[in-house]
Amino acid sequence: MKESRAFCPRCGDTVPERSESDANDESAADPLRPGSEVELCDACYFDDFDFVDAPDRIDVRVCAQCGAVYRGNRWVDVGAEDYTDIAIEEVSEALAVHVDVEDVAWQVEPEQIDPNTIRMHCYFTGVVRGTPVEEQVMVPVRMARQTCTRCGRISGDYYASIVQIRAEDRTPTSEETDRAKEIANQIVAEMEATGDRNAFVTEVSEVDDGLNIKISTNKIGKKISNKMVEEFGGTVNDAETLVTEDSDGNEVYRVTFAVRLPPYPPGDVIDLADDDEGPVLVRSARGNLKGVRLTTGERYEASYEEGDSPDARKLGEADDAVDATVVTVEDDNAVQVLDPESYRAKTIARPDYFDPNAETVPVLKSRAGLHILPDETDA
Ligand SMILES: [Zn+2]
Ligand SMILES: [Zn+2]
């Protein structure tokens, strides 16, 4: 065994030798021998020992609307249920226990003093240098009810961009506008989930020719409009408008994203101007218009030049279809059905999706005559 003696650098008492690791943990610099580390005796150690370091009081700025708490220099969502939760959270953040203490346990008893003040009685236990230690501290937590930046903006109808949902030569369908609202809320929810407090929908309003969505950032506006075009086709144009100057004299722009949905959405039945091969039921308007011929069941696709708006007129919608009784199948190209209005037997074109065993088929009566539609309930 190595023969060495150590002395407390504070009072000069001899101290028992400790292992290397202990010495590293619990030592103080020896003023007489700079660079070397010598331990304090237990008496001197506990003279200085401060188990819990607690502030005299904690002031919390909390948003009265959403419960966000101001920390550092920004508002953060703490997910607290009530003010007591927030107080507990803030106290745990503010209290520090001495690093040497092992097996630290603590509990807290909140005592509500008035609506904005909670006294936090905290009890700590632990072990240091083999000695059990305990301490009680009381920290008053004062709540200052304020309005966070986000809630202030929401109540002030703040918005940085508008998404306008419009359609070419028609008004957007309720399916399209409902989906736009859904996409907006979804994108905002996703951004909120990542802790982005600046994402919100300010206002959704139905207008004569479509839907306007006001949102808090340009980024969300761009996301919503791109997603709409991805799902429904069409185009988006953005335009900046100078709205004001901020307090630093910087110009503040607002961006309008104008989404123009294609003229013939899926479900429309159209008559193409350039051919006489019969009406087309639109299946997709993303990129170029695609659909199915109601006379033959053949696939139709508009040329690249025509894109999503070939020269055509609208005859009706698949939703307008009614059931007609099948009288007889004449041959590969013709079938006789009862006209749903006149109840007279009529011979009409037989598309390849026609089921010869069907007793009734969905038909659309339009300016172009009577046509059998694909039975979407089977699809
Ligand atoms: Zn000592
Ligand atoms: Zn708030």
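All residue numbers refer to positions in the sequence shown, counting from 1.
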**Side-chain heavy-atom pair V141, P110 within 4.5 angstrom cut-off** = no
**Message:** I'd like to know if the side chain of R254 reaches the main chain of T241, judged simply by a donor and an acceptor atom lying under 3.5 Å from each other, with no hydrogens or angles considered.
**Reply:** no
**Request:** For residues 133-144, pull every pair meeting side-chain hydrogen bond (donor to acceptor under 3.5 Å, both in side chains), keeping only residues two or more places apart or in separate chains.
**Result:** T117-R142
**Message:** Closer than 3.5 angstrom, by distance alone: can the side chain of S216 be matched with the main-chain N or O of F200 as a donor-acceptor pair?
**Reply:** yes
**Asked** Between R367 (side chain) and K314 (backbone), is there a donor-acceptor pair under 3.5 Å?
**Response** yes
**Request:** May I have all residue pairs that pass salt bridge (charged side-chain N to carboxylate O under 4.0 Å, His left out) and include part of residues 214-223, sequence neighbours excluded?
**Result:** E203-K214
**Asked** For Y353, which residues count as a ring-ring contact (aromatic ring centres under 6.0 Å, His included) partner, sequence neighbours excluded?
**Response** none
**Message:** Checking Y300 now: which residues fulfil ring-ring contact (aromatic ring centres under 6.0 Å, His included) with it, not counting sequence neighbours?
**Reply:** none
**Message:** Checking V97 against L95 for the side-chain contact (heavy atoms from CB on, under 4.5 Å) test, could you report, in this order, the C-alpha distance in whole Å, the side-chain angles of both residues, the deciding distance, and whether it holds?
**Reply:** CA-CA 7 Å; V97 295; L95 294 175; over 6 Å; no
**D209 vs R166, salt bridge (charged side-chain N to carboxylate O under 4.0 Å, His left out): CA-CA, chis, key distance, verdict** = CA-CA 6 Å; D209 49 354; R166 302 289 186 273; 3.3 Å; yes
**Prompt:** Just by distance, do the side chain of T295 and the backbone of E277 share a donor-acceptor pair under 3.5 Å?
**Reply:** yes
**Prompt:** By the rule that ILVMFWY residues connect when side-chain heavy atoms come within less than 4.5 angstrom, directly or transitively, which residues belong alongside Y343?
**Reply:** none
**Complete:** Closest non-hydrogen atoms of A160 and Y158, given as atom of the first, atom of the second and distance, are CB-OH, 4.0 Å
**Request:** Answer yes if the side chains of E330 and T347 hold a donor-acceptor pair under 3.5 Å, and no otherwise.
**Result:** yes
**Transitive ILVMFWY cluster of I224, excluding itself - 4.5 Å side-chain cut-off** = V163, I165, I183, I187, V188, M191, V201, V204, L211, I213, I215, I220, M228, V229, F232, V236, V255, F257, V259, L261
**Complete:** Those residues at least two apart in sequence (or on a different chain) that pass salt bridge (Lys or Arg N to Asp or Glu O under 4.0 Å) with E190 are none
**Request:** Only counting residues at least two apart or in another chain, list the ones meeting salt bridge (Lys or Arg N to Asp or Glu O under 4.0 Å) with R299.
**Result:** E301
**Message:** Going by side-chain hydrogen bond (donor to acceptor under 3.5 Å, both in side chains), name the residues that satisfy it together with R153, two or more places apart in sequence or in a different chain.
**Reply:** none
**Prompt:** With R145, which residues qualify under salt bridge (Lys or Arg N to Asp or Glu O under 4.0 Å), at least two apart?
**Reply:** none
**Message:** Could you check whether any side-chain heavy atom of W106 comes within less than 4.5 Å of a side-chain heavy atom of V52, counting everything from C-beta outward?
**Reply:** no
**Complete:** With sequence neighbours left out, the residues meeting ring-ring contact (aromatic ring centres under 6.0 Å, His included) with H121 are none
**Item:** Side-chain ion pair, R179 and E176, N-O less than 4.0 Å
**Value:** no
**Message:** With a 4.0 Å cut-off on N to O distance, would you call R57 and D59 a salt bridge?
**Reply:** yes
**Prompt:** Mind checking whether I88 and M120 have side chains closer than 4.5 Å, heavy atoms only?
**Reply:** yes
**Asked** Does a side-chain N-to-carboxylate-O contact under 4.0 Å join R313 and D271?
**Response** yes
**Prompt:** With the threshold set at 4.0 Å, does a side-chain nitrogen-carboxylate oxygen contact exist between R10 and D48?
**Reply:** yes
**Message:** Is it the case that the side chain of R350 and the backbone of D331 share a donor-acceptor pair, with hydrogens and angles ignored and the cut-off at 3.5 Å?
**Reply:** yes
**Prompt:** V327: which other cluster members, linking ILVMFWY side chains closer than 4.5 Å, directly or transitively?
**Reply:** L338
**Asked** Is a donor on one side and an acceptor on the other found under 3.5 Å between the side chain of D268 and the backbone of I270?
**Response** no
**Exam field: side chain R283 to backbone V292, donor-acceptor pair closer than 3.5 Å** = no
**Item:** A312 backbone acceptor or donor facing Y264 side chain under 3.5 Å
**Value:** yes
**Message:** Taking the basic N atoms (NZ, or NE/NH1/NH2) and the acidic carboxylate oxygens, is any pair closer than 4.0 Å for K181 and E206?
**Reply:** yes
